[in-house]
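This report refers to the structure that appears directly beneath it.
Whatever order the structure lists them in is the order used to number ligands and atoms, beginning at 1.
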Amino acid sequence: MTGAGTLTAVVLNAAEGPTQAELFEHVLNDPLLGSSIYVNIALAGLSLLLFAFLARGLTDPRAKLIVVSTMAVSAVSVASYTGLASGLTIGVVEMPSGHALAGATTDLAGGGGTYDGTISLWGRYLTWAFSTPFILLALGLIAGSNLTKIVTAIIFDVGIMITGLAAALTTSSYLMRWAWYGISCTFFLVVVYILLVEWPEDAKRAGTEDIFNTLKILTVVLWFGYTVWWAIGNEGLALIENVGITSWGYSAFDIVAKYGFSLLVIRYVLNNVETISAGEEYGITGDGVPADD
Ligand code: RET
């Protein structure tokens with residue numbers, strides 16, 4: 001390639017943003033950002049093994065459904081963090097004017113180039129759309145709630161995450177980023193209403209109010225934490241500009257909201273199978289009548 005050709009290629013590359021390989025190397029060579037991701041892959045994997053071990057003797061189908069639901073959160077987490085680690089679900093986003101990081105550049109660690117914009121770990125928001133419904137399913141089942149309320153909570157929960165993803169990736173206007181954020185928060189209020197008003201009543205009826213109240217407080221406080229963290233992190237007001245610190249915040253929340261939450265749920269289910277149970281034939285499909293011979 002001629003000198004001018006090389007220069008053109010470099011400029012074009014810069015305009016297109018980093019390659020996946022550069023992002024992969026960046027995560028690998030930035031200790032703070034890297035550790036916030038790798039630690040969670042390990043924890044998610046270990047928690048899956050631990051939960052399977054703890055629940056190995058469980059036979060009641062409804063109790064098992066609750067445990068499987070919590071295990072799904074860890075399973076999605078393995079995939080989610082692998083997406084981040086591989087560079088697949090990370091990007092460098094050029095913030096619109098008005099944003100504190102408008103015009104900022106990012107030097108990629110590990111020999112990558114310098115690019116206009118700040119790093120977004122947008123894969124987090126995408127995969128929360130697949131993991132958090134299982135947190136709500138477990139909560140709704142523990143509360144003994146009906147299908148309508150469980151599905152309503154899950155629909156708005158998926159809405160939170162997808163509009164949160166939209167907030168993270170919108171570059172057309174600063175205002176539009178916060179408009180998405182506002183829509184996301186409105187959906188969040190629906191979930192909070194179900195958690196704080198609807199399900200506690202159901203849980204009282206089901207006799208699970210003690211554990212439900214603990215889980216409810218843990219969930220509402222932590223989920224509110226994610227919301228505030230987005231607002232102050234590098235993609236929001238950028239009071240915290242550092243991508244590694246922003247990422248560690250979510251990773252720390254994840255550790256409690258996923259694995260801590262799941263442990264509480266599984267411990268409760270194991271010790272209270274009779275309260276949780278709905279009989280041997282719970283969830284059976286079709287109208288086949290089991291033989292009684
Ligand atoms: C965003 C930004 C937009 C506004 C709101 C948010 C809320 C996120 C929440 C995330 C919870 C994640 C969990 C993950 C564990 O697997 C998307 C940050 C309201 C509540 C519990």
Just which atoms of ligand 1 are under 4.0 Å from any heavy atom in [X]?
X	result
Ser131	16 (O)
Lys258	15 (C), 16 (O)
Thr132	12 (C), 13 (C), 14 (C), 21 (C)

Would you sort out whether Asn146 and Lys149 count as a side-chain hydrogen bond (donor to acceptor under 3.5 Å, both in side chains), showing the intermediate values? CA-CA 6 Å; Asn146 62 34; Lys149 289 185 207 174; 5.4 Å; no
Could you identify the single nearest non-hydrogen protein atom to [atom] and state the distance to 0.1 Å?
atom	answer
atom 20 (C) of ligand 1	Trp223 O, 3.6 Å
atom 17 (C) of ligand 1	Gly164 CA, 3.8 Å
atom 3 (C) of ligand 1	Ser184 OG, 3.3 Å

Taking the side chain as every heavy atom from C-beta outward, state whether Tyr282 and Ser277 have any pair of such atoms under 4.5 Å apart.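 No, too far: nothing below the 4.5 Å cut-off.
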Side chain to side chain, Asp254 and Tyr81, heavy atoms closer than 4.5 Å: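 Yes - at least one pair of side-chain heavy atoms lies under 4.5 Å apart.
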Evaluate the ring planes of Phe188 and Phe224, with Trp represented by its six-membered ring, and classify them as parallel (under 30°), tilted (30 to 60°) or perpendicular (over 60°).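 Taking Phe224 first and then Phe188, their aromatic rings lie parallel (interplane angle under 30°).
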Just heavy atoms, cut-off under 4.0 Å: does [X] contact ligand 1 by side chain, backbone, both, or neither?
X	result
Asp254	side chain
Tyr226	both
Trp230	side chain

Let me check something: do Tyr250 and Val221 share a hydrophobic cluster, defined by ILVMFWY side-chain heavy atoms less than 4.5 Å apart, either directly or through other members?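 No: no chain of side-chain contacts under 4.5 Å links Tyr250 to Val221.
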Taking the cut-offs as 6.0 angstrom to the six-membered ring centre and 45 degrees off its axis, would you call Arg177 and Tyr174 a cation-pi pair?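 No, Arg177 and Tyr174 do not form such a contact.
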With ring centroids as reference points, do Trp230 and Trp223 lie under 6.0 angstrom apart?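 That pair fails the under 6.0 Å test.
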